S.K.: 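Could you have a look at this structure, given as structure tokens, before my questions?
Since this is a predicted model, take the numbers as computed values, not measurements. The first residue of the sequence shown is numbered 1, and numbering continues consecutively from there.
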Amino acid sequence: MIFAIALLVLLLPDAYIAFVVLKGASTWVKLLVLLPVLAGTAVLYMAFASAEATQPAINTVVRLTVCVLFPVVIFTLISLAGRVIGIFVKGAPRVSDFAGLAAAALWMCIAVYGSFFGWKRICVKELHLDFSELPSAFDGYRIVQLSDFHIGTYGNSPESVQRIVEEVCALHPDLIVFTGDLVNAAPEELAPFEQELRRLHAPDGILSVLGNHDYCMYAHYDGSDSPEKAAARLIDAERALSWRVLRNEAVKIVRGADSMAVAGVENAGSHRFPDSSDLDKALQDTGGAFTILLSHDPSQWRREVIPDGRAALTLSGHTHAMQFRIGSFSPSRWIYPEWGGVYRSGSQTLVVSTGTGGNAAFRFGAYPQILLITLWRGTDMAVD
């Protein structure tokens with residue numbers, strides 16, 4: 001029944017094109033217009049017919065959606081608007097059809113690039129952050145932030161993970177932090193990449209926190225397995241990589257007589273995402289030191305971190321910039337006030353990574369990101 005309804009909805013734009021825009025065309029031409037959506041629906045059914053869709057199936061469905069369905073919908077909406085305007089303005093339908101074709105073609109170019117190339121285009125972004133309270137021994141301290149790996153998506157592109165590791169190693173950071181969502185749904189996604197990820201190294205180690213996907217709630221479980229057990233296996237796997245998983249706790253980094261704290265909370269989600277964070281517990285052992293907080297969901301910054309006041313710098317991810325960005329615009333801004341980049345409130349700073357991977361094989365503009373953050377002692381400000 002679900003697929004019958006989906007087929008009906010997917011057919012509506014194609015039916016409009018076949019029987020309204022091409023009303024004078026032959027039956028074979030009309031059938032040809034309907035063919036892509038019929039083929040796409042068949043792929044959709046095969047991809048999700050099992051109890052749990054595989055990542056390659058999800059990638060295929062995403063590509064069909066953005067490369068085939070979206071252009072058809074874009075053309076249909078513009079063309080239909082022209083026909084409504086045509087009630088009052090002669091010639092509007094013809095103009096809108098040409099405009100719809102141009103817009104659909106432009107989107108198709110974006111979709112093809114984002115689906116086959118953009119999601120593997122690794123970018124290093126450097127940020128320089130000044131803090132008046134930074135201990136002098138940490139002046140020039142270099143942190144690499146990785147976030148939202150969703151590593152199962154790279155199953156058909158292991159060379160991308162290799163390039164990410166090589167880029168990070170070439171930056172020679174003092175510390176590497178990972179701000180959540182290592183996997184899409186299950187800890188088993190990590191296994192093919194464990195050897196490569198073991199190459200990541202920094203003098204002060206690798207610290208990580210959990211994101212909403214790391215609680216493994218999006219997989220199907222049978223028998224004695226459960227999301228809790230799967231999440232525990234993922235945490236064990238991260239620890240086997242020599243990553244320190246911070247679960248509402250903090251660690252001290254010492255340089256001579258100076259020290260700073262790095263605290264990490266479990267996911268502090270809003271709405272349907274899990275909230276297992278305990279900010280007070282995570283910060284209680286920082287002892288008034290300059291503190292960096294790792295929190296997967298940036299919505300916690302306004303909600304809890306700013307009122308608390310103990311964390312000078314918060315590093316987050318989660319938004320992915322919805323894996324689409326043109327200039328300074330991303331649809332993520334409709335959901336999250338802080339969705340990508342550097343944000344300030346008084347002496348407190350938030351950095352939101354737009355993600356190193358993605359839960360689907362598509363990115364345009366918001367390409368896979370490695371952040372190199374350099375801390376400086378000085379007047380509170382940020383330069384990127």
Side-chain angles (χ1 to χ4, degrees), residues 122-149 164-181 200-209 211 243-244 246 250-255 258-265 286 289-298 300-301 305-306 310-321 338-357 366-384:
I122 313 301
C123 298
V124 176
K125 183 177 178 63
E126 295 191 30
L127 300 175
H128 295 268
L129 307 179
D130 288 4
F131 297 92
S132 58
E133 297 183 358
L134 182 71
S136 57
F138 291 92
D139 195 33
Y141 194 80
R142 292 159 63 88
I143 302 171
V144 161
Q145 181 189 2
L146 303 174
S147 192
D148 300 88
F149 227 131
I164 291 168
V165 170
E166 289 172 353
E167 291 277 9
V168 172
C169 291
L171 296 173
H172 303 291
D174 297 296
L175 174 70
I176 298 172
V177 299
F178 180 76
T179 48
D181 279 1
L200 291 172
H201 171 76
D204 290 325
I206 303 173
L207 304 177
S208 75
V209 292
W243 295 15
R244 171 86 182 258
L246 300 177
V251 297
K252 286 282 188 69
I253 299 175
V254 179
R255 288 282 188 276
D258 289 335
S259 66
M260 73 174 181
V262 180
V265 291
T286 58
F290 179 88
T291 299
I292 299 171
L293 175 68
L294 310 182
S295 175
H296 177 67
D297 193 322
Q300 187 183 27
W301 188 62
V305 179
I306 292 176
R310 282 179 285 178
L313 172 62
T314 302
L315 304 180
S316 298
H318 183 59
T319 72
H320 302 201
E338 294 82 28
W339 56 269
V342 182
Y343 303 87
R344 290 276 192 178
S345 176
S347 62
Q348 293 179 272
T349 301
L350 169 69
V351 173
V352 182
S353 166
T354 53
T356 310
Y367 300 116
Q369 185 179 81
I370 297 168
L371 286 180
L372 173 61
I373 302 168
T374 305
L375 307 182
W376 300 100
R377 181 178 172 84
T379 304
D380 294 333
M381 63 178 295
V383 178
D384 59 1

S.K.: Taking side-chain contact (heavy atoms from CB on, under 4.5 Å) as the test, write out the residues that go with Ala321, two or more places apart.
M.R.: Ser330, Trp339, Thr354, Ala366

S.K.: Going by side-chain contact (heavy atoms from CB on, under 4.5 Å), name the residues that satisfy it together with Cys169, two or more places apart in sequence or in a different chain.
M.R.: Val165

S.K.: Going from CG on Asp130 to CG on Leu375, what distance comes out if it is rounded to the nearest 0.5 angstrom?
M.R.: 9.5 Å

S.K.: If you take all heavy atoms of Ser147 and Gly317, which pair is closest and at what distance?
M.R.: OG-CA, 3.5 Å

S.K.: Who pairs with Tyr343 by side chain to side chain donor-acceptor pair (under 3.5 Å), at least two apart in sequence or on another chain?
M.R.: none

S.K.: What's the separation between atom CH2 in Trp301 and atom OG in Ser295, rounded to the nearest 0.5 Å?
M.R.: 12.0 Å

S.K.: How far apart are the closest heavy atoms of Leu246 and Ala263, and which atoms are they?
M.R.: CD1-C, 3.9 Å

S.K.: Would you check if Ile176 and Leu207 make a side-chain contact, meaning some heavy-atom pair closer than 4.5 Å?
M.R.: no

S.K.: Look up atom CG in Leu293 and atom CD in Gln300, then write down how far apart they are to the nearest 0.5 Å.
M.R.: 6.0 Å

S.K.: Does Ser208 have any side chain to side chain donor-acceptor pair (under 3.5 Å) partners at least two apart in sequence or in another chain, and if so, which?
M.R.: Glu238

S.K.: What is the minimum heavy-atom distance between Ala261 and Ala289, and which atoms define it?
M.R.: N-CB, 4.2 Å

S.K.: Ignoring hydrogens, what is the shortest heavy-atom contact between Pro135 and Ser259? Give both atom names and the distance.
M.R.: CG-O, 3.5 Å

S.K.: I want to check something: taking the side chain as every heavy atom from C-beta on, are Val351 and Leu371 in contact at a cut-off of under 4.5 Å?
M.R.: yes

S.K.: Checking side chain to side chain contact (heavy atoms under 4.5 Å, CB included) against Leu127, which of Thr349, Thr374, Ile373 comes through?
M.R.: Ile373

S.K.: Looking at Phe290 versus Phe138, is the centre-to-centre ring distance below 6.0 Å?
M.R.: no

S.K.: For His296, check ring pair (Phe, Tyr, Trp, His ring centres under 6.0 Å) against everything at least two apart and list the hits.
M.R.: His318

S.K.: Does either side chain, that of Gln145 or that of Thr179, offer a donor lying less than 3.5 Å from an acceptor on the other one?
M.R.: yes

S.K.: As a quick check of understanding, evaluate side-chain contact (heavy atoms from CB on, under 4.5 Å) for Ile306 and Leu350, giving each step before the final call.
M.R.: CA-CA 10 Å; Ile306 292 176; Leu350 169 69; over 6 Å; no

S.K.: Take Asp258 and Ser136 through the side-chain contact (heavy atoms from CB on, under 4.5 Å) test and state the conclusion after the steps.
M.R.: CA-CA 8 Å; Asp258 289 335; Ser136 57; 3.4 Å; yes

S.K.: Working to the nearest 0.5 angstrom, can you tell me the gap between Leu313 CG and Leu315 CG?
M.R.: 4.5 Å

S.K.: Write down the atom of Leu175, the atom of Gly205, and the distance for their closest heavy-atom approach.
M.R.: CD1-O, 3.4 Å

S.K.: Say you draw a straight line from CZ of Arg142 to CG of Asp174; how long is it, rounded to the nearest 0.5 Å?
M.R.: 7.5 Å

S.K.: Using the side-chain contact (heavy atoms from CB on, under 4.5 Å) rule, take Leu146 and Val168 through it: C-alpha gap first, then chi angles, then the decisive distance, then the call.
M.R.: CA-CA 9 Å; Leu146 303 174; Val168 172; 3.9 Å; yes

S.K.: If you round to the nearest 0.5 Å, how far is CD1 of Ile370 from CG of Leu171?
M.R.: 6.5 Å

S.K.: Taking side chain to side chain donor-acceptor pair (under 3.5 Å) as the test, write out the residues that go with Asp204, two or more places apart.
M.R.: Tyr141, Arg255

S.K.: Not counting sequence neighbours, which residues clear side chain to side chain donor-acceptor pair (under 3.5 Å) with Glu167? List them please.
M.R.: none

S.K.: Can you list everything that forms a salt bridge (Lys or Arg N to Asp or Glu O under 4.0 Å) with Arg244? Sequence neighbours excluded, please.
M.R.: Glu249

S.K.: Is it true that a side-chain atom of Gln348 and a backbone atom of Val305 form a donor plus acceptor pair closer than 3.5 Å?
M.R.: yes

S.K.: Between Thr356 (side chain only) and Gln369 (backbone N and O only), is there a donor and an acceptor less than 3.5 Å apart?
M.R.: yes

S.K.: Are Thr319 and Val352 packed together at the side-chain level, in the sense that at least one heavy-atom pair is separated by less than 4.5 angstrom?
M.R.: yes

S.K.: List the steps and the verdict of side-chain contact (heavy atoms from CB on, under 4.5 Å) for Ile292 and Ile143.
M.R.: CA-CA 11 Å; Ile292 299 171; Ile143 302 171; 3.6 Å; yes

S.K.: side-chain contact (heavy atoms from CB on, under 4.5 Å) with Asp139: which residues, sequence neighbours excluded?
M.R.: Trp376, Arg377

